**Q** 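Next up is a structure, given as structure tokens.
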Amino acid sequence: MPICAARQMAKKMRREFPMPHVDFQIGSELRRIEVDSSRSLLDEAVSAGLPVNYSCRRGDCGQCVAALAAGEVNAVNPSQSLHSDQGIYLCNAAACSDLVVSLPHFPELANVRQFRSPAKIHALSFLSDDVVELTLRMPPAMNPRFLPGQFVRLTNKERVTRSYSLAAAPAEDKLLRVHVRRVNHGAFSDYLFGTAKPGDLLHLDGPYGHFFLRDNDRASRTIFLATGTGIAPILAILEALSPEKRAALGDIALYWGNRHERDEYLRSRVKVLSSRIGLRYRAVHSREVLASPRHVQDLLTQDYDDLSDGLVLACGNPAMIEQARKVCLNLTLPADRFRSDPFTSS
Ligand SMILES: Cc1cc2nc3c(=O)[nH]c(=O)nc-3n(C[C@H](O)[C@H](O)[C@H](O)COP(=O)(O)OP(=O)(O)OC[C@H]3O[C@@H](n4cnc5c(N)ncnc54)[C@H](O)[C@@H]3O)c2cc1C
Ligand code: FES
């Protein structure tokens with residue numbers, strides 16, 4: 001069929017079978033897009049350049065959850081979750097009607113713009129036998145902005161994409177750092193621990209995530225929970241605390257779980273921070289023979305009997321996060337005062 005005949009046919013089809021539209025509410029802003037009802041709302045939102053959050057694209061990480069204010073959706077993949085406690089998984093939801101979708105909105109992100117860019121490996125430093133710090137250099141014209149606690153997605157030349165939390169607050173040198181733990185037969189970590197070298201080109205997109213301190217966070221006690229490399233974004237948050245914010249967080253405690261004592265690859269950084277901001281540090285080791293308790297969530301029940309005026313930020317192993325959430329809610333922590341970033345696998 002000649003091209004203009006095909007275009008006219010497409011126009012006629014759209015007139016007769018209009019595509020659903022979605023109003024995305026982002027704070028006070030409303031962005032309307034037409035969507036293809038065979039594609040996920042996440043794909044449509046990303047194509048339209050909307051500031052959506054995501055990582056796994058398959059209903060596991062929960063990063064893409066948004067509130068459905070009006071309309072009906074169905075699952076692109078019926079074997080994956082469509083609904084969570086807080087809304088719908090945009091990565092698995094397709095429009096069956098016109099929709100109104102409210103994206104999580106945070107004024108703290110007003111100056112943070114998502115970007116996609118090549119990123120060159122500047123350095124690889126082994127922080128322990130199984131943790132490498134990857135330092136990335138962005139093109140000179142770029143000034144990447146993010147909030148401490150957020151993550152980026154990295155893609156290597158084999159087209160493997162994984163999410164990694166930024167391990168330090170934005171710095172003048174504009175270098176970005178992430179800490180990657182070796183996973184046996186892991187596609188991305190095998191690359192970093194094997195053939196990766198300075199000068200390699202990766203692709204970076206982000207920043208994503210809501211694992212950061214809000215401007216109005218206040219608590220009489222603030223508890224940070226980490227396992228393994230989950231410590232990296234937490235130290236980025238803590239090292240960037242202003243004196244006012246430090247005062248607003250009350251007593252601060254940091255619980256860090258590792259298999260062995262030797263796995264505490266940032267112990268000296270934690271010690272410096274502890275004395276600088278007055279932080280109570282508690283370490284647990286799940287595989288040390290005499291260790292008791294062995295998990296951060298078990299220590300919590302020992303140390304606290306009431307968290308009703310607390311704030312908890314947890315990052316790392318998804319099982320730790322789920323169990324810690326239950327423990328905290330039992331200790332009467334309000335549900336919206338538990339913030340987490342589970343390192344789900346892709
Ligand atoms: C928001 C977010 C932030 C993250 N930040 C970090 C970070 O800062 N540092 C970091 O090291 N990781 C982080 N992760 C995890 C990271 O994205 C990868 O999942 C991880 O590096 C494994 O990727 P891989 O390609 O090496 O292994 P894959 O090829 O994905 O996995 C290989 C096999 O190992 C299993 N597996 C994957 N991860 C683990 C694990 N942790 N423990 C045991 N088995 C596993 C898989 O199920 C699979 O069977 C984050 C994840 C998310 C969602
Ligand atoms: S991107 Fe939708 S749940 Fe992970």
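Computed from a predicted model, the values in this text were never measured in an experiment. Sequential numbering from 1 along the given sequence is applied to the chain's residues. Order of listing sets the numbers, starting from 1, for every ligand and every atom in it.
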**Q** Yes or no, since that's all I need: does a protein heavy atom fall within a distance strictly under 4.0 Å of atom 21 (O) of ligand 1?
**A**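 True for atom 21 (O) of ligand 1.
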
**Q** Any N/O/S atom of Cys56 sitting less than 2.8 Å from atom 4 (Fe) of ligand 2, backbone or side chain?
**A**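 Coordinating: yes.
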
**Q** Enumerate the atoms of ligand 1 whose separation from the nearest heavy atom of Ser55 is less than 4.0 angstrom.
**A**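 This gives 53 (C) as the contact atoms.
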
**Q** Which ligand 1 atoms does Arg181 reach within 4.0 Å, using its non-hydrogen atoms?
**A**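 Counting from 1, the qualifying ligand atoms are 11 (O).
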
**Q** Drop me the distance from Leu279's CG to Lys271's NZ, to the nearest 0.5 angstrom.
**A**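 It comes to 10.5 Å.
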
**Q** Show the atoms of ligand 2 that are less than 4.0 angstrom away from any heavy atom in Gly59.
**A**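 Here the atoms of ligand 2 in question are 3 (S).
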
**Q** If the contact criterion is a heavy-atom separation under 4.0 Å, does Pro342 count as touching ligand 1?
**A**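 Yes, Pro342 has heavy atoms under 4.0 Å from ligand 1.
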
**Q** Parallel, tilted or perpendicular for Tyr164 and Phe188, by the 30°/60° rule?
**A**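 The rings of Tyr164 and Phe188 sit tilted, inter-plane angle from 30° to 60°.
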
**Q** Going by heavy-atom distance to atom 12 (N) of ligand 1, choose the closest among Tyr164, Tyr208, Phe211.
**A**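 Looking at heavy atoms only, Tyr164 sits closest to atom 12 (N) of ligand 1.
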
**Q** Below 3.5 Å, N or O to N or O, backbone or side chain included: is there any such pair between Val180 and ligand 1?
**A**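 N/O-N/O distance below 3.5 Å does not exist for this pair.
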
**Q** Give the atom numbers and elements of ligand 1 that come within less than 4.0 Å of a heavy atom of Ala187.
**A**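 So the answer, numbered in order with elements, is 24 (P), 25 (O), 26 (O), 27 (O), 28 (P), 29 (O).
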
**Q** Below 3.5 Å, N or O to N or O, backbone or side chain included: is there any such pair between Asp190 and ligand 1?
**A**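 By distance alone, the answer is no.
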
**Q** Between Asp36 and Glu44, is a side-chain contact (heavy atoms from CB on, under 4.5 Å) present by the stated rule, with each step listed?
**A** CA-CA 8 Å; Asp36 176 340; Glu44 294 286 13; 3.1 Å; yes

**Q** Do Arg276 and Glu239 come close enough that some side-chain heavy atom pair is under 4.5 Å?
**A**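 Of all side-chain heavy-atom pairs linking Glu239 with Arg276, at least one is under 4.5 Å.
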
**Q** Establish whether atom 48 (C) of ligand 1 and some protein heavy atom are separated by less than 4.0 angstrom.
**A**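 It does not; no protein heavy atom is within 4.0 Å.
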
**Q** Please say yes or no: joined through hydrophobic side-chain contacts below 4.5 Å, possibly via intermediate residues, are Leu333 and Val296 part of one cluster?
**A**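 Linked within one cluster.
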
**Q** Less than 4.0 Å between a side-chain N and a carboxylate O, is that true for Arg282 and Asp303?
**A**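 Result for this pair is yes, salt bridge flagged.
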
**Q** Under 3.5 Å between any N/O of Asn184 and any N/O of ligand 1: does that happen in this structure?
**A**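 In this structure, Asn184 places no N or O atom under 3.5 Å from an N or O of ligand 1.
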
**Q** Does Val178 have a non-hydrogen atom less than 4.0 Å from ligand 1?
**A**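 Contact check Val178 vs ligand 1: negative.
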
**Q** Under 3.5 Å, is there a donor-acceptor pair between the Asp306 and Thr332 side chains?
**A**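 Checked: Asp306/Thr332 side chains pair up, N/O donor to acceptor below 3.5 Å.
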
**Q** May I ask you to list the atoms of ligand 1 that are less than 4.0 angstrom from any heavy atom of Ser165?
**A**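 Ligand 1 atoms under the 4.0 Å threshold to Ser165: 3 (C), 5 (N), 6 (C), 7 (C), 8 (O).
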
**Q** Applying the 4.5 Å side-chain criterion to the ILVMFWY set and letting contacts propagate, would Leu109 and Phe211 be lumped into a single cluster?
**A**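 No, separate clusters.
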
**Q** Between Ile33 and Val35, is any pair of side-chain heavy atoms under 4.5 Å apart?
**A**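 Sidechains of Val35 and Ile33: in contact.
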
**Q** With heavy-atom distances below 4.0 Å as the criterion, list the atoms of ligand 2 near Gly62.
**A**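 Taking each heavy atom of Gly62 in turn, ligand 2 has 3 (S), 4 (Fe) under 4.0 Å.
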
**Q** A side-chain contact here means heavy atoms from C-beta on lying under 4.5 Å apart; do Asp341 and Phe151 qualify?
**A**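 Asp341 vs Phe151: side chains touch.
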
**Q** Please indicate whether any nitrogen or oxygen in Ser189 is less than 3.5 Å from any nitrogen or oxygen in ligand 1.
**A**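 The answer is yes, given that Ser189 and ligand 1 share an N or O pair closer than 3.5 Å.
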
**Q** For ligand 1, which atoms sit closer than 4.0 Å to a heavy atom of Gln63?
**A**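 Those atoms are 1 (C).
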
**Q** For atom 19 (O) of ligand 1, find the nearest protein heavy atom and state the residue, atom name and distance (0.1 Å precision).
**A**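 Of every protein heavy atom, Ser345 CA, 3.5 Å lies nearest to atom 19 (O) of ligand 1.
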
**Q** Hey, is atom 2 (Fe) of ligand 2 within less than 2.8 Å of some N/O/S atom on Cys61?
**A**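 Cys61 does not place any N, O or S atom closer than 2.8 Å to atom 2 (Fe) of ligand 2.
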
**Q** Would a 4.0 Å cut-off, counted as strictly less than, catch a protein heavy atom around atom 43 (C) of ligand 1?
**A**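 Protein heavy atoms within 4.0 Å of atom 43 (C) of ligand 1 - there are none.
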
**Q** Would you tell me whether Asp298 and Gln323 have side-chain atoms, one donor and one acceptor, within less than 3.5 Å of each other?
**A**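 No.
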
**Q** Need one value: angle at atom 2 (Fe) of ligand 2, Cys91 atom SG versus Cys64 atom SG, rounded to 10 degrees.
**A**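 My answer is 100°, to the nearest 10°.
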
**Q** Does the ring center of Tyr208 lie less than 6.0 Å from the ring center of Tyr54?
**A**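 So the answer is yes for these two rings.
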
**Q** Heavy atom to atom 3 (C) of ligand 1, shortest distance: which of Phe343, Tyr191, Tyr54 holds it?
**A**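 Selected option, by shortest heavy-atom distance: Phe343.
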
**Q** Are Leu254 and Ile277 co-members of a hydrophobic cluster defined by side-chain heavy atoms under 4.5 Å apart?
**A**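 Ile277 clusters together with Leu254.
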
**Q** Is there a path of hydrophobic side-chain contacts, each under 4.5 Å between heavy atoms of I/L/V/M/F/W/Y residues, joining Val132 to Leu166?
**A**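 Linked, Leu166 and Val132 end up in one cluster.
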
**Q** Is the closest side-chain donor-acceptor distance between Tyr265 and His179 under 3.5 Å?
**A**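 Tyr265 vs His179: donor-acceptor pair found between side chains.
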
**Q** Can you tell me the protein heavy atom closest to atom 9 (N) of ligand 1 and the distance?
**A**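 Here the nearest protein heavy atom works out to His179 O, 2.8 Å.
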
**Q** Looking only at protein heavy atoms, identify the closest one to atom 50 (C) of ligand 1 and say how far it is in Å.
**A**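 I find the closest protein heavy atom is Ser163 O, 3.1 Å.
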
**Q** To check your reading of the model: name the closest protein heavy atom to atom 28 (P) of ligand 1, its residue, and the distance in Å.
**A**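 The closest one turns out to be Arg162 NH2, 3.7 Å.
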
**Q** For ligand 1, which atoms have a heavy atom of Gly186 less than 4.0 angstrom away?
**A**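 Those qualifying, in numeric order: 24 (P), 25 (O), 26 (O), 27 (O), 28 (P), 29 (O), 32 (C).
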
**Q** Considering only heavy atoms of His185, which atoms of ligand 1 have at least one such atom less than 4.0 Å away?
**A**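 Reading through ligand 1 atom by atom, the close ones are 32 (C).
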
**Q** Of the protein's non-hydrogen atoms, which lies at the shortest distance from atom 10 (C) of ligand 1, and what is that distance?
**A**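 The closest one turns out to be Thr229 OG1, 3.4 Å.
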
**Q** Do Glu288 and Arg294 sit within salt-bridge range, that is, some charged N less than 4.0 Å from a carboxylate O?
**A**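 Salt bridge flag = no for Arg294 with Glu288.
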
**Q** Which of the numbered atoms in ligand 1 are below 4.0 angstrom from a heavy atom of Phe188?
**A**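 Answer, ordered by atom number: 24 (P), 25 (O), 26 (O).
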
**Q** Given 3.5 Å as the limit, does a donor-acceptor pair link the side chain of Arg339 with the main chain of Phe212, or not?
**A**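 Yes, the answer is positive, given that a donor and an acceptor are paired below the 3.5 Å cut-off.
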
**Q** Identify, for atom 41 (N) of ligand 1, the protein heavy atom at the shortest distance, and state residue, atom and that distance.
**A**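 Checking every protein heavy atom, the shortest distance to atom 41 (N) of ligand 1 gives Val183 CG2, 4.1 Å.
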
**Q** For Arg57, take its heavy atoms, then give the atoms of ligand 2 lying under 4.0 Å from any of them.
**A**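 Ligand 2 atoms under the 4.0 Å threshold to Arg57: 1 (S), 4 (Fe).
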
**Q** Counting each atom of ligand 2 from 1 as listed, which ones have a heavy atom of Ser55 under 4.0 Å away?
**A**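 The atoms of ligand 2 under 4.0 Å from a heavy atom of Ser55 are 1 (S).
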
**Q** With His285, which of Glu261, Glu264, His260 fulfils side chain to side chain donor-acceptor pair (under 3.5 Å)?
**A**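 Considering Glu261, Glu264, His260, a side chain to side chain donor-acceptor pair (under 3.5 Å) with His285 is found only for Glu264.
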
